[in-house]
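Lettering of chains follows the sequences in order, A, B, ..., and the numbering in each one begins at 1.
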2 protein chains.
Amino acid sequence: MQLFHYPLCPHSRFVRLALGEAGLDVRLVEEKPWARRRDYLEVSPSGETPTLLERFGLAIPGAATIAEYLDETYGEAMGERRLLPSLPSERVEARRLVDWFGRKFHDEVSRWLVHEKVYKARMSAEEGGGGPDMAPIRAARYNVKAHLRYVGALARGRRWLAGDRMTFADLAAAAQLSVVDYLGEVPWAESAAAKDWYAKVKSRPSFRPLLAETQPGLPPPAHYADLDF
Amino acid sequence: MQLFHYPLCPHSRFVRLALGEAGLDVRLVEEKPWARRRDYLEVSPSGETPTLLERFGLAIPGAATIAEYLDETYGEAMGERRLLPSLPSERVEARRLVDWFGRKFHDEVSRWLVHEKVYKARMSAEEGGGGPDMAPIRAARYNVKAHLRYVGALARGRRWLAGDRMTFADLAAAAQLSVVDYLGEVPWAESAAAKDWYAKVKSRPSFRPLLAETQPGLPPPAHYADLDF
């Protein structure tokens, strides 16, 4: 399998965690989501990352669609570690939270931080590159607090975000937060429960490759890779 | 079943079409998505529409999550008319397009038109109401052309958007376009193939209730409810 991804794309990270939990080996291919490379548009018409390319040639674009595919194809073999629960009410809750973090958290927090602090520094002038705008960064800093308190509220009532077992919801949320944390923008002091939950996800072996990566010219804060942050 | 919806919310319309195709009766409850009503936040923590309330009390928020739930719960009984295909590659394509229209088309076109032309006229000053801003409306008018050509390109190569049979992808796309069409903002002349495909979806019995509704003070254009537009 190949995964077209970008290292600080939170959706790409979600899929890397899901593949790691499923024990599936994948060859990573770095793709700049802003470049709209012609060959990449063939597999992902939106040009967005990530896209999973299956061994037999099927291209699966989009993190939530990949998650459904992985569950349908490899979920049964995962037994108790399956990432989509079997009860309808628990499936609803896991999908609600995958959508919450992949769309709402992304729209309100991570897309702005990643765009302003990562992508724009790597884009050419024609692509829209340049220095960061502070207005969206400030909005994201304001919004992340409410999201962190929401994670904390969920984590106080449950072992994992969607219930008693780890699901795609935990991986989607942790993937988004990991990118924001890499940029030093998670105010962990807002919620001890959110921090405890994140420490639990962060210590999964599937998380290690993400924590070990650094971006040239953009070092993460010292606590980023620390399991005891 | 009850559906908390807003008449010109495109996600709500997608679910109404899906319920109609499944032959499921539902009581519609109008919910203003901008109001963040306290009781509604109990069933839909994001405050967004729609939310399906199942007979036995399960609340299912979000159109894509509702679609998955409907397929898992009522899909088998639909036989050949099932809205999620069974082949993995076709499931990927249907979900890719549900995401394309529910997220990308919405972000680039319908959310701005609905917000500026519908919601703001109904919101109080404290809620952010007022006259429409032209800049997002102009951006949406520009973006809708490319989306319409994309629908046309898909429709030229296939009977339905995701393949040989009607799927959730057609309903998600038609729901988004129906709201934009209500506002007189679909440049149908851009693509004859897109128009032919839309005429086919629009003539489904599930579409009739949507076409019959009008909003006080905001009449649709004459062609809106015409099956031969």
Backbone N/O of A:Ala173 and side chain of A:Gln176: donor-acceptor pair under 3.5 Å: no
So does B:Thr167 get a backbone contact from the side chain of B:Asp170, meaning a donor-acceptor N/O pair under 3.5 Å? yes
Can you say whether A:Arg96 sits under 4.5 Å from chain B via the side chain, the backbone, both, or neither, judging by heavy atoms? both
Determine whether the side chains of B:Trp188 and B:Asp181 contain a donor N or O and an acceptor N or O closer than 3.5 Å. yes
Going by distance alone, is a donor N or O of one side chain under 3.5 Å from an acceptor N or O of the other, for A:Glu21 and A:Ser206? yes
Where does the angle between the aromatic ring planes of [X] and [Y] fall among parallel (under 30°), tilted (30 to 60°) and perpendicular (over 60°)?
| X | Y | answer |
| --- | --- | --- |
| B:Tyr40 | B:Phe4 | tilted |
| B:Trp100 | B:His147 | perpendicular |
| A:Tyr6 | A:Tyr119 | perpendicular |

Honestly, is A:Lys120 close enough over A:Trp34, meaning NZ or CZ under 6.0 Å from the six-membered ring centre and within 45° of the axis? no
Think A:Lys200 forms a cation-pi with A:Trp160, using NZ or CZ under 6.0 Å from the six-ring centre and within 45 degrees of its axis? yes
Interface residues of residues 51-83 of chain B facing chain A - heavy atom cut-off under 4.5 Å: B:Leu58, B:Ala59, B:Ile60, B:Pro61, B:Thr65, B:Glu68, B:Tyr69, B:Glu72
Counting a contact as any heavy-atom pair under 4.5 Å apart, which residues of residues 86-95 of chain B contact chain A? B:Pro88, B:Ser89, B:Arg91, B:Val92, B:Arg95
Going by an N to O cut-off under 4.0 Å, is there a salt bridge joining A:Glu190 and A:Lys195? no
